Amino acid sequence: MEQFSFGVIVSNIEGLEASHLPFMLDRGHGNKGRLLCHFAKANPQWKDLAEREVLVVFSGPHSYISPSWYANYPAVPTWNYSAVHVKGMVKISSKQDTAQLVKNMSAKYEPDLLDKHDIMSPEVIDKLSGAIVGLSIEISEIQGKFKLGQHRKIDDQQGVFKALSESDHNDAQQLARYMAALGMGLGKV
């Protein structure tokens with residue numbers, strides 16, 4: 001949620017709605033933490049979310065997996081991926097909390113921007129805060145989902161990891177780096 005923080009918020013008030021948004025995880029709030037985000041006021045999805053449960057989906061690295069990479073046959077094409085599903089109750093944030101969220105997101109992604117008042121002055125932040133709506137989502141459930149070939153035989157895992165690592169595709173390389181960082185699906189005993 002922190003490394004791949006661009007997620008999809010899904011609600012079902014009067015039919016399914018989804019919006020793609022950047023999120024910040026506040027680990028120090030409640031039992032499981034909370035997610036913070038903001039909508040453009042023009043996006044109607046936020047209007048009925050107060051005190052409602054939502055699902056937020058975060059997608060991590062993913063890639064196509066060819067059956068030709070396996071040592072054992074027969075096999076079929078598949079997709080390896082990682083994802084996190086979060087459920088929680090929504091509270092609408094105050095204008096002050098929303099302005100602080102904008103500052104916190106800027107500090108995370110471009111810390112120097114907060115010192116460039118010619119680009120992002122306090123007045124601009126205040127004006128922007130009037131055009132967006134901040135949300136706080138109290139986390140009630142977190143489900144991590146990994147399909148990284150960890151169920152395959154060791155030589156199959158080795159073939160997949162090698163092919164991903166040597167691929168020209170960014171998705172494949174990113175998945176290989178992620179698998180290496182986790183130590184999962186590498187074909188090591």
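Just so we're clear, the structure is a prediction, and the values are computed from it rather than from any experiment. All residue numbers in this chain count up from 1 along the given sequence.
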What heavy-atom pair brings [X] and [Y] nearest, and what distance separates the two atoms?
X: Val90; Y: Leu135; answer: CG1-CD2, 3.7 Å
X: Glu53; Y: Ser140; answer: OE2-OG, 4.1 Å
X: Leu114; Y: Met120; answer: CD2-CE, 3.7 Å
X: Leu49; Y: Ser11; answer: CD2-CB, 3.4 Å
X: Phe4; Y: Pro61; answer: CZ-CD, 3.4 Å

Pair listing, salt bridge (Lys or Arg N to Asp or Glu O under 4.0 Å) test, anchored in residues 153-182, at least two apart = Arg152-Asp156, Lys162-Glu166
Nearest 0.5 Å please: distance from the CG atom of Leu35 over to the NZ atom of Lys87.
-> 14.5 Å
Could you tell me the separation between the CD atom of Glu141 and the CG atom of Leu55, rounded to the nearest 0.5 Å?
-> 9.0 Å
Could you tell me whether the side chain of Gln143 and the main chain of His85 form a donor-acceptor pair under 3.5 Å?
-> no
Donor-acceptor under 3.5 Å (Ser167 side chain, His169 main chain) | yes
Using a distance-only test with no angle check, is there a side-chain donor-acceptor pair under 3.5 angstrom linking Tyr70 and Thr78?
-> no
Assess the side chains of Ser94 and Gln96: does a donor N or O sit below 3.5 Å from an acceptor N or O?
-> no
If the plane angle is over 60° it's perpendicular, under 30° parallel, otherwise tilted; pick one for Tyr64 and Trp79.
-> perpendicular
Relative to each other, are the rings of Phe6 and His20 parallel, tilted or perpendicular (30° and 60° limits)?
-> parallel
